[in-house]
Visitor: 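The structure that follows is given in the form of structure tokens.
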Amino acid sequence: MKFQIEDVTVYFPYDYIYPEQYEYMVELKRALDARGHCLLEMPTGTGKTVALLSLITSYALARPSPPLKLLYCTRTVHEMEKTLAELRLLHSHLPPTHRSLALGLSSRKNLCVNPYVLSSASRDSVDSACRRLTASWVRAAAAEQPPGAVPTCSFFESYDRAASSGPDAVLLPPGVYTLGDLRALGREKGWCPYFLARQMIRYANVVVYSYQYLLDPKVAGIISREMQRECVVVFDEAHNIDNVCIEALSVSVRRQTLDGATRNLHRMAQEIDRFKATDASRLRAEYNRLVEGLAQRGNLALTDAWLSNPALPDDILKEAVPGNIRRAEHFLSVLRRLVQYLKGRLQTENVETERPVDFVASVSSQAGIDQKMLRFCYDRLHSLMLTLEITDTDEFLHIQTICDFATLVGTYMQGFSIIIEPFDERMPHIPDPVLQLSCHDASLAIKPVFDRFQSVIITSGTLSPIDLYPRLLNFNPVISRSFTMSLTRDCICPMVLTRGSDQLPVSTKFDMRSDPGVVRNYGRLLLEMVAAVPDGIVCFFVSYSYMDGIVNSWNEMGILQDVMQHKLVFIETQDVVETTLALDNYRRACDCGRGAVFFSVARGKVAEGIDFDRHYGRLVIMFGVPFQYTLSRILIARLEYLRNTFQIKEGDFLTFDALRQAAQCVGRVIRSKADYGMMIFADKRYSRHDKRSKLPGWILSHLHDAHLNLSTDMALHIAREFLRRMAQPYDKAGTGGRKTLLSQEDLEKMGEDPMNMF
Amino acid sequence: MSGSVAVHRGSLGFPAMGGGEERRKRGGDDEEEEEEEEEENGVRGMEAWERAYADERSWEALQEDESGLLRPIDTKTLVHAQYRRRLLLRSAAASSAAPRIQKGLIRYLYVVIDLSRAASEMDFRPSRMVVVAKCVENALELVYGYLSQIPSYGHREVLILYSALNTCDPGDIMETVQQCKKAKIRCSVIGLSAEIYICKHLCEETGGSYTVALDESHFKELLLEHAPPPPAIAEYAAANLIRMGFPQRGADGVISICSCHKEAKVGGGYTCPRCKARVCELPTECQICGLTLVSSPHLARSYHHLFPVTPFNEVSSRIPTKWSQKLPQTCYGCQQSLVSHGGKSDPHVSCPKCNQHFCLDCDIYIHESLHNCPGCESQHGSTT
């Protein structure tokens with residue numbers, strides 16, 4: 001269908017549109033008009049992605065100059081594929097003259113088609129296997145020697161031949177290219193899909209890629225450097241964006257890292273000796289280049305580009321590498337001293353927290369490395385590795401981590417702290433020293449994105465309270481709004497369960513969580529529910545350790561055995577393969593009617609990325625409030641920073657963080673409007689206003705007052721009624737005043753009479 | 001006894017025996033039997049006041065109005081509204097398809113009754129087991145075994161009354177579902193607790209209906225929905241002749257050996273016109289020669305499924321008094337007054353063909369039991 005929003009003709013790939021999608025587009029358009037950033041919360045299952053894509057594409061068509069580019073950031077490859085599929089549908093509805101180029105970009109692991117490279121298991125080893133075949137010196141060697149003597153990648157070679165005649169030779173025709181399409185195209189033409197995609201993002205109108213390509217300065221430096229200002233950046237499912245930002249600038253160093261770094265240094269020293277004996281001119285050339293302070297990246301071949309500096313572009317000083325690390329041997333000895341120093345620091349018996357300033361001062365006095373040398377470590381290492389023609393970069397991850405750390409600690413004085421813990425708080429008997437450089441300020445990593453691009457759109461199903469995000473990320477949205485879902489029937493049923501059937505309160509509060517009464521009440525709740533709810537039930541616990549504990553107790557009490565009579569039990573573990581297998585079998589048990597319960601952990605992989613829609617999740621029980629581990633040093637340091645810098649109270653932040661996780665967990669069960677599901681918040685603390693009010697609006701609007709303080713038996717009764725009601729046939733379109741599907745005529749009518757809008 | 005199920009309402013269906021397993025316990029699936037069962041089960045060692053809370057749930061018959069006052073639920077209009085919905089649904093389905101749908105009148109319907117532990121849940125009065133009478137796969141396999149022998153004119157159907165929320169199957173149920181689909185067995189499920197994916201899947205695949213009962217009366221309503229014959233399956237829609245016998249009723253006092261009970265019976269029964277064997281009940285299939293035995297009223301009673309009485313139009317009570325005075329004051333069927341004390345007319349209906357007015361009770365009676373419109377019939381009689 002096709003309709004007008006103010007002066008923009010919007011192409012929408014479906015015949016009907018939800019009213020909230022329309023409103024969402026209106027707000028989005030205003031934000032684009034204002035060339036500002038915006039923050040939009042809309043529940044999942046309301047077609048957020050298609051609304052976004054449809055409006056931005058139509059907007060770009062309506063305003064052809066300057067050309068507007070869409071950078072769409074997703075968290076996972078799966079979401080990327082879903083987005084591209086929606087985009088393809090949208091493209092088939094655009095007028096043929098308006099076709100544009102859209103593609104997905106991912107790592108080599110997802111794009112490579114060379115069977116030899118793909119046989120590597122991890123992402124890093126795929127990267128280095130690729131470098132081994134495509135690095136400029138490898139190709140140069142291959143050109144000199146008889147064909148076949150030095151292995152190269154045939155896909156890259158033929159792509160390079162095609163591209164050498166000008167960028168137009170490899171320009172893709174307009175259309176939507178998913179990762180699978182790119183791979184198929186690569187196989188067909190014999191071109192390397194990864195480098196083709198890297199090249200194409202400059203010309204594409206829509207690029208779908210991962211958060212890291214914009215937020216992690218190391219990756220963003222090479223991938224997103226050339227994007228123009230006229231870009232609309234969308235962060236989808238962005239409720240955890242502050243954590244992504246923080247992780248992008250945090251480094252942790254363990255004993256294994258330091259041991260590995262020592263090995264790396266040893267090998268590099270050998271390489272240097274070898275070069276000195278055979279080809280000393282290379283080292284001299286590098287030295288001269290560094291003296292002249294040449295920018296290293298400008299003249300590098302595409303394949304040699306390595307991850308760039310971890311510090312943000314604005315913070316890098318444009319100056320030459322300091323003299324005392326220009327010579328390779330000198331630089332290695334500096335690194336050796338640094339590694340030695342860090343080893344010494346890790347041997348501490350106590351937890352230590354330091355500010356970067358103190359740490360740099362201490363490095364300077366004890367190891368003789370000043371701040372400027374630290375800051376240049378990463379670039380210097382990069383240069384050295386190129387000079388030494390090292391291709392197996394996955395072997396050198398350890399020393400990279402150390403230099404990463406050094407550069408960050410040398411660059412930033414504010415918003416970071418260094419925390420050294422001799423052991424994990426929860427397992428004090430096992431020594432596991434770790435030195436962490438943790439970033440507390442999410443706004444640091446995202447600042448260049450806000451500054452560089454015209455509009456940044458942050459959207460998710462759970463962004464409540466919506467006023468906190470601008471403070472955490474330190475920006476001024478022109479529009480921030482939360483939308484609710486228009487429904488023909490009340491298909492979600494949130495409940496707050498505060499008491500067990502014996503009327504005693506339940507909670508995972510620290511002093512109550514191990515109380516056998518609470519454990520038993522939680523068990524009874526599960527038992528009652530498995531007998532009353534069909535197909536799949538998902539349970540979320542606050543942590544792995546709590547889940548282990550309570551499942552053990554249930555086992556001893558015989559509750560687990562009773563549960564098994566109704567449904568099979570599956571448990572998420574920290575092992576990805578095991579969890580995938582469990583999920584797979586869980587789905588099968590739901591399909592064949594046996595019924596299943598999945599035990600999972602808030603903040604875990606499952607809570608973040610797996611959907612439990614339709615019969616895979618008719619009920620989700622959130623056992624307790626998923627607060628972060630409040631004794632964690634990193635959290636304490638971050639809270640202190642937030643209080644001092646942004647005036648955010650500790651309690652507010654902790655509650656906000658816990659509730660967004662809880663909302664994220666329970667939101668897993670509703671993925672479309674035709675779906676239905678129940679959500680039980682099983683903790684007495686949820687009934688308090690300060691907790692409850694931080695839930696997203698679309699959950700709150702269905703949380704009736706009568707459901708705020710339930711006991712197990714009452715919840716059971718409500719559940720039975722709800723399930724029977726939902727099993728009845730219903731009217732999908734909605735009638736009368738509660739219209740939930742709008743056709744083109746409806747929209748046109750609304751356009752004529754703007755006062756009559758909802 | 002789980003034989004004369006759902007089909008007793010006049011469609012020419014042939015009672016088939018419920019699967020052996022399912023018959024283990026008493027299956028009180030029939031409406032007439034239901035009441036007896038209730039009485040049997042009534043005494044469960046509970047005091048009368050306990051029963052008032054546990055079983056009768058008197059509070060459910062109350063409703064809160066806009067001003068917060070409690071009042072009894074107006075059951076009559078409610079029942080009628082439900083009935084209208086059902087009727088209109090049915091006629092809408094009929095009119096949307098071809099005007100004359102061939103209907104599968106000869107149905108072989110197996111009723112599978114869930115007697116698992118979940119059936120003893122008490123949320124239906126007096127318990128789910130009594131309201132209706134587990135392993136879906138085994139049941140389907142069993143039914144498949146019985147039904148696969150049936151000639152192509154017969155409709156193979158299974159109605160599962162399911163109260164559990166899961167099924168524990170020995171093999172792959174998906175295969176069994178596909179097998180049933182291939183054999184054109186129409187599987188329908190009435191659930192008692194909640195929607196279960198596998199049941200929905202089964203019904204969607206095999207073209208049956210899946211419904212979940214809200215309460216006892218809704219359950220009855222859903223069960224009755226299965227009484228009218230479903231549209232014939234297209235592949236089998238070709239007209240073919242079926243050999244049928246119309247047996248004579250045996251004379252009183254004649255002693256003969258009954259072919260269905262394998263014992264000597266005195267009087268009653270019917271004699272197969274082909275092999276002269278005695279059977280007890282009609283309709284059935286002769287045990288000896290396999291001839292389909294029916295009586296002519298059975299055929300006549302199935303006629304209304306093909307030519308149903310058109311649904312009546314509702315007459316709005318908000319018509320201005322000027323108009324309502326011209327309207328008839330009494331129901332054409334029962335002669336009861338259609339005007340309430342206030343002078344306003346009660347909600348009632350009129351036949352679109354003969355324009356006679358009927359009260360709500362007569363409306364239900366005509367459509368559900370009589371299957372003839374008295375107004376149209378009397379016009380018919382006067383003209384000829």
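Letters A, B, ... mirror the listed sequences (proteins, then strands); counts begin at 1.
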Visitor: Flag the pair R618(A) and E195(B) as a salt bridge only when some basic side-chain nitrogen lies within less than 4.0 angstrom of an acidic carboxylate oxygen.
Guide: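 Result for this pair is yes, salt bridge flagged.
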Visitor: Does any heavy atom of chain B fall under 4.5 Å from the side chain of F722(A), the backbone, both, or neither of them?
Guide: neither
Visitor: Working to the nearest 0.5 Å, report the span between CZ of R724(A) and OG of S193(B).
Guide: 6.5 Å
Visitor: Are D591(A) and M174(B) close enough that some pair of their side-chain heavy atoms sits under 4.5 Å apart?
Guide: yes
Visitor: Contact part of I196(B) toward chain A, heavy-atom cut-off under 4.5 Å: side chain, backbone, both or neither?
Guide: both
Visitor: A719(A), G536(A), A589(A), A532(A): which one forms the most heavy-atom pairs within less than 4.5 Å of chain B?
Guide: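 Of A719(A), G536(A), A589(A), A532(A), A532(A) has the most heavy-atom pairs under 4.5 Å with chain B.
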Visitor: Would you sort out whether H566(A) and L165(B) count as a side chain to side chain contact (heavy atoms under 4.5 Å, CB included), showing the intermediate values?
Guide: CA-CA 8 Å; H566(A) 293 279; L165(B) 284 170; over 6 Å; no
Visitor: Write down the atom of L723(A), the atom of A194(B), and the distance for their closest heavy-atom approach.
Guide: CB-CB, 3.6 Å
Visitor: How many angstroms lie between CG in L214(B) and CD in Q728(A), if you round to the nearest 0.5 Å?
Guide: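 Atom-to-atom, L214(B):CG and Q728(A):CD are 4.0 Å apart.
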Visitor: Does NE2 belonging to H704(A) count more than 12 external heavy atoms closer than 6.0 Å?
Guide: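 Above 12, so yes.
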Visitor: Are the side chains of R594(A) and T167(B) in touch, meaning some heavy atoms are under 4.5 Å apart?
Guide: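 No, every pair of side-chain atoms sits at 4.5 Å or beyond.
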Visitor: Identify the two heavy atoms, one from C592(A) and one from I198(B), that lie closest to each other, and give their separation to 0.1 Å.
Guide: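 That closest heavy-atom pairing would be O-CG1, 3.9 Å.
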Visitor: With side chains defined as the heavy atoms from C-beta onward, is the minimum distance between R614(A) and K200(B) less than 4.5 Å?
Guide: no
